[in-house]
Amino acid sequence: MLTDCRGKTTSDEESKQPAQGVTHAVAQPTHAPSWEEKVTVEIEAKKAGEEDVSLIVADKDTKEVLARYNIPVKYLRPFHHYHCALTLPRKKDPAGTKLYATLVRKRSIIPRYAGIDYTGLEVFLHSVNENLAEPEGAIIAIARIVNNVKAYQEEMMSRASDAPPVPLTVANFPDPVMEEFDVPRVTNQGYPQVPAECCFLTRDAYGREKTWLSHSCGIPS
């Protein structure tokens, strides 16, 4: 079947409104669809504490809902990038259905903190100057602000070769808990961000990608 992913709020559901954002449908029937698109859902600031955002995987033609992930907005730290594996149990599959997505809760005002005289740093990703030694596949550009460069380098060198490129927030549905979205206050790995418009890129293909780094909240865009 051809599937897409849709974003709605609790209020949208209750008032039977259409999804605020919908990805394209995959080109071919598959059990492992991939969209690589951004879906934006807007919520009134005063309602953020009581709203959920629903990510819905559905059949494009029949509108049958195949998976639904309801995420309480209050669980998400503003401007932090959550690189998630959202897991929904299935009767015949112990691993469940997993939706990999990056979640960012944005506010209309970026917070400022005493003693910090800047808000963010915009980085232009252009190209890789030197040939990489036998890259195994597509290249992903990751930006981080780290508090200890040496400790970060040592940690990266010692990690398993099959580890994911960014730490994953694993949340279990249909009833995720707030603790699954906890953000450590100090981490040598920083808070990674990938370019918003295209995550997986071939060498020398960064083009006009921009990444915006924020000291105050990790690395939002």
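We're numbering straight along the sequence, starting at 1. These numbers were taken from a predicted model, which means no experiment stands behind them.
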Quick one: pull up [atom1] in [X] and [atom2] in [Y] and give me the separation to the nearest 0.5 Å.
| X | Y | atom1 | atom2 | answer |
| --- | --- | --- | --- | --- |
| K106 | I43 | NZ | CD1 | 14.0 Å |
| F181 | I71 | CZ | CD1 | 5.5 Å |
| L2 | T30 | CG | OG1 | 10.0 Å |
| E51 | T9 | CD | OG1 | 4.5 Å |
| E155 | M157 | CD | CE | 13.0 Å |
| R90 | K98 | CZ | NZ | 12.5 Å |

For residues [X] and [Y], report the shortest heavy-atom separation together with the two atoms involved.
| X | Y | value |
| --- | --- | --- |
| S15 | S11 | OG-O, 2.7 Å |
| K60 | A25 | CD-CB, 3.1 Å |
| P176 | P72 | CG-CD, 4.3 Å |

TODO: Any chance you could lay out the side-chain contact (heavy atoms from CB on, under 4.5 Å) test for T3 and L66, step after step, and finish with the verdict?
DONE: CA-CA 9 Å; T3 58; L66 306 175; 3.4 Å; yes
Please answer: with hydrophobic residues joined when any side-chain heavy atoms are less than 4.5 Å apart, are [X] and [Y] in the same cluster?
| X | Y | result |
| --- | --- | --- |
| M178 | F173 | yes |
| V166 | M156 | no |
| W35 | V39 | no |

Task: Lys/Arg-Asp/Glu bridge criterion (N-O < 4.0 Å) met for R68, E13 - done: yes
TODO: Could you please spell out the steps behind the side-chain contact (heavy atoms from CB on, under 4.5 Å) verdict for V26 and D4?
DONE: CA-CA 7 Å; V26 293; D4 58 31; over 6 Å; no
So do the side chains of [X] and [Y] get within less than 4.5 Å of each other, counting heavy atoms only?
| X | Y | result |
| --- | --- | --- |
| I56 | K8 | yes |
| F79 | R107 | yes |
| P174 | P89 | yes |
| V73 | V53 | yes |
| Q20 | D12 | yes |
| P192 | H83 | yes |
| Y82 | L76 | yes |

Task: Side-chain donor/acceptor of E180 to backbone N/O of N172, under 3.5 Å - done: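 A pair under 3.5 Å: yes.
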Task: V22 backbone acceptor or donor facing R6 side chain under 3.5 Å - done: no
- [ ] Using a cut-off of 6.0 Å, state whether more than 12 heavy atoms not belonging to Q28 lie near its atom CD.
- [x]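 It does not: Q28 CD has 12 such atoms or fewer within range.
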Open item on the list: List the residues meeting salt bridge (charged side-chain N to carboxylate O under 4.0 Å, His left out) with R159, not counting sequence neighbours, and say none if there are none.
Closed with: none
Open item on the list: As a quick check of understanding, evaluate side-chain contact (heavy atoms from CB on, under 4.5 Å) for Y152 and R144, giving each step before the final call.
Closed with: CA-CA 10 Å; Y152 164 72; R144 311 167 190 252; 3.3 Å; yes
- [ ] Would you check if the distance from the ring center of Y191 to the ring center of H80 is below 6.0 Å?
- [x]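 Yes, ring centres under 6.0 Å apart.
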Task: Criterion side-chain contact (heavy atoms from CB on, under 4.5 Å) against Y69, the qualifying member of L86, D52, L103, T87 - done: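 Considering L86, D52, L103, T87, a side-chain contact (heavy atoms from CB on, under 4.5 Å) with Y69 is found only for L86.
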